Amino acid sequence: MIFPFFNDFLGLIGAASFWPLTVYFPVEMYIARAKIPKFSITWTWLKILSWTCLAVSLVAAAGSVEGLIQSVKIYQPFKSGE
């Protein structure tokens with residue numbers, strides 16, 4: 001009742017933070033530390049992995065926003081969820 005859309009907000013926060021914290025920064029740090037040359041096979045596959053995870057995160061964020069919109073449409077304050 002205090003935070004009625006907790007799961008939707010949690011999904012949105014997770015989708016927004018997954019790509020930069022779990023994929024982008026570690027991949028970029030690895031590329032810089034290992035001094036992987038640009039356009040090498042390893043560099044290319046790491047970039048493909050990063051962009052693919054970005055696309056997944058964007059789709060998850062869109063799904064969370066859609067879930068929030070649907071929840072707001074049917075939300076009635078002070079009513080039980082039955």
Side-chain angles (χ1 to χ4, degrees):
M1 185 176 215
I2 294 172
F3 199 48
F5 314 120
F6 180 73
N7 288 336
D8 297 322
F9 280 117
L10 193 62
L12 184 59
I13 291 169
S17 65
F18 168 73
W19 181 71
L21 297 176
T22 307
V23 179
Y24 179 73
F25 292 131
V27 165
E28 291 300 317
M29 286 187 279
Y30 175 74
I31 288 172
R33 186 161 187 207
K35 296 181 179 149
I36 297 173
K38 280 189 177 185
F39 305 109
S40 66
I41 291 176
T42 303
W43 182 88
T44 303
W45 281 109
L46 286 171
K47 291 294 184 173
I48 289 170
L49 171 71
S50 182
W51 283 102
T52 302
C53 290
L54 173 62
V56 169
S57 291
L58 291 174
V59 169
S64 294
V65 169
E66 191 270 336
L68 276 169
I69 291 169
Q70 293 301 320
S71 295
V72 168
K73 285 181 182 178
I74 62 171
Y75 177 66
Q76 296 176 346
F78 307 111
K79 297 276 181 171
S80 64
E82 289 126 24

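Predicted model, so just to flag it, every value in this text is computed and none were measured.
If you chain together hydrophobic residues whose side chains sit under 4.5 Å apart, W51 and L46 fall into the same group.
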Identify all side-chain donor-acceptor contacts of residues 29-42 below 3.5 Å with residues at least two apart in sequence or on another chain.
residue	atom	partner	partner atom	Å
S40	OG	P37	O	3.0
S40	OG	W43	N	3.3

Please tabulate, one pair per line, all N/O donor-acceptor pairs under 3.5 Å involving side-chain atoms of residues 3-17, not counting sequence neighbours.
residue	atom	partner	partner atom	Å
D8	OD2	S71	OG	2.7
S17	OG	I13	O	3.0

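In this structure, the separation between OG1 on T22 and CH2 on W19 is 11.5 Å, given to the nearest 0.5 Å. Considering CZ of F25 and OG of S50, their distance stands at 10.5 Å, rounded to 0.5 Å. The CG atom of L58 sits 4.5 Å away from the CG atom of L54 when rounded to the nearest 0.5 Å.
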